[in-house]
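Worksheet: one structure, shown below.
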Amino acid sequence: MLLQIVSALSVVVVAVVACSAYFYFSNKILDLALPVKDGDIRAASRNLNRRALIRPWLFIGPALFLLIVYLVYPVVATFILSFYDRAGLQFVGLANYKWALGDREFRQAIFNNILWLAVVPAACTFFGLVIAVMTDRIWWGNIAKSIVFMPMAISFVGASVIWKFIYEYRGGNDVQIGLLNAIVQTFGGTPEVWISIPFWNNFFLMIILIWIQTGFAMVILSAALRGIPEETIEAAVIDGANGWQIFWRIMVPQIWGSIAVVWTTITILVLKVFDIVLTMTNGQWQTMVLANLMFDWMFRGGGDSGRSAVIAIIIMLAVTPIMVWNVRRANRELKGH
């Protein structure tokens with residue numbers, strides 16, 4: 001553990017020193033390359049203008065380079081690979097896309113992703129908003145918020161392991177150690193292998209992501225609620241509005257922008273959901289999602305670059321409209337201010 005901490009700190013220090021050195025020396029070199037001499041006013045003015053044009057690119061240049069290498073290039077390379085065979089050598093045209101449309105497992109993954117999109121963002125946003133409102137005006141509200149937010153500190157794999165114990169099933173006459181089966185058995189029910197029940201097992205997996213992300217939604221929406229002027233609430237109370245009316249007609253409309261941010265952020269996360277499904281079921285029992293299917297085809301039978309690339313492109317196409325809408329909405333809000 002100590003070695004890993006030292007290694008991480010070393011990387012941080014080296015990165016900070018390297019960035020500082022880059023910006024310092026690049027500015028020095030620019031000043032030397034385009035000197036400003038007192039004797040020649042025209043040359044000095046020209047060099048100052050050139051410095052002003054070049055200097056911003058010195059600052060954003062490394063970021064642009066990393067963006068191209070780690071984002072733009074992989075997207076372009078993946079798109080090209082989607083038209084090639086499993087080894088990425090022979091051009092096959094639209095064959096991989098035709099396979100995707102006709103593959104039963106791919107259609108199942110699409111259906112499951114749509115199901116996740118319909119349930120998880122709505123549930124996280126709803127529970128986050130309700131908890132934010134309920135804990136905002138009680139003295140132990142911060143303690144409650146801390147408890148709700150705590151799952152955010154757990155990795156998806158770690159959370160899946162926790163919930164595996166909750167859904168655990170023991171056959172025969174063994175004592176049920178899974179919390180859910182123990183409760184069912186206490187009330188006279190029959191224990192089940194919950195994560196192997198087709199269709200419904202998707203909801204059992206969704207609960208894990210809802211459990212993790214509700215804390216995120218709660219924090220964002222709680223901050224937004226605190227931005228609502230007290231005068232607005234007081235005026236509504238004076239006018240005779242009850243708590244339900246204040247919530248839906250006063251609070252929700254005024255924090256709609258924050259609700260949209262939470263909703264779209266969790267929607268993008270759902271489209272990329274992978275760890276939970278891999279840890280809990282590995283896509284078995286009709287729980288396959290697109291990210292899992294892409295990972296599966298990357299290694300299935302030695303790997304298939306073409307088919308995994310097609311699935312990756314479809315995931316990126318699904319994410320893009322949400323990203324564009326979010327950026328445009330943010331731009332409209334900035335212009336409005």
Side-chain angles (χ1 to χ4, degrees), residues 4-83 88 152 216 219-229 253-269 271-272 309 312-337:
Q4 284 144 342
I5 293 172
V6 172
S7 177
L9 288 173
S10 301
V11 170
V12 171
V13 171
V14 169
V16 170
V17 171
C19 289
S20 302
Y22 165 77
F23 289 122
Y24 176 79
F25 287 110
S26 61
N27 275 288
K28 279 290 185 184
I29 293 169
L30 180 63
D31 292 341
L32 291 172
L34 298 171
V36 178
K37 297 178 181 179
D38 295 334
D40 191 344
I41 296 176
R42 183 175 296 178
S45 177
R46 183 173 62 249
N47 285 346
L48 281 172
N49 289 334
R50 288 175 179 174
R51 283 186 190 180
L53 289 173
I54 296 171
R55 204 179 303 276
W57 292 102
L58 292 177
F59 286 95
I60 67 173
L64 284 175
F65 174 76
L66 293 174
L67 190 67
I68 291 169
V69 171
Y70 291 105
L71 183 63
V72 177
Y73 169 73
V75 170
V76 174
T78 302
F79 180 71
I80 294 170
L81 272 176
S82 68
F83 297 102
M152 281 287 295
F216 162 76
V219 168
I220 302 298
L221 297 175
S222 180
L225 286 169
R226 292 187 177 228
I228 299 175
Q254 293 201 51
I255 63 167
W256 184 249
S258 299
I259 292 174
V261 168
V262 170
W263 193 294
T264 52
T265 302
I266 297 176
T267 297
I268 293 170
L269 180 66
L271 284 169
K272 302 184 297 179
I313 290 295
I314 289 169
I315 294 172
M316 284 187 281
L317 288 175
V319 169
T320 300
I322 302 167
M323 296 286 289
V324 170
W325 178 82
N326 219 12
V327 170
R328 292 182 65 182
R329 185 194 57 78
N331 286 336
R332 284 197 301 269
E333 287 187 359
L334 286 172
K335 290 176 181 178
H337 289 297

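Quick note: numbers below take in every heavy atom, side chains included, and nothing from hydrogens, waters or symmetry partners.
- Y22 pairs by the ring-ring contact (aromatic ring centres under 6.0 Å, His included) definition with nothing, not counting sequence neighbours.
- Rounded to the nearest 0.5 Å, atoms CG (L32) and CG (N27) are 11.0 Å apart.
- Scanning both residues, A224 and S258, for their nearest heavy atoms gives CB-OG, 3.3 Å.
- A search for side chain to side chain contact (heavy atoms under 4.5 Å, CB included) contacts involving T265 returns F216, V261, not counting sequence neighbours.
- The residue from V69, L67, I68 that alone fulfils the side-chain contact (heavy atoms from CB on, under 4.5 Å) condition with L71 is L67.
- Between T267 and W263, the shortest heavy-atom distance links the atoms OG1-O, 2.7 Å.
- To the nearest 0.5 angstrom, I54 atom CD1 is 11.5 Å from S26 atom OG.
- Contact check for M152 versus V219: no side-chain heavy atoms found under the 4.5 Å cut-off.
- Here the closest non-hydrogen pair linking L30 and L58 is CD2-CD1, 3.8 Å.
- Contacts of F23 classified as ring-ring contact (aromatic ring centres under 6.0 Å, His included), with partners at least two apart in sequence or in another chain: F59.
- Distance CD1/I313 to CG/L81: 9.0 Å, rounded to 0.5 Å.
- Between L53 and P56, the shortest heavy-atom contact is O-CD, 3.6 Å.
- Summarising the geometry, atom CG belonging to N47 is positioned 10.5 Å from atom CG belonging to D31; distances are rounded to the nearest 0.5 Å.
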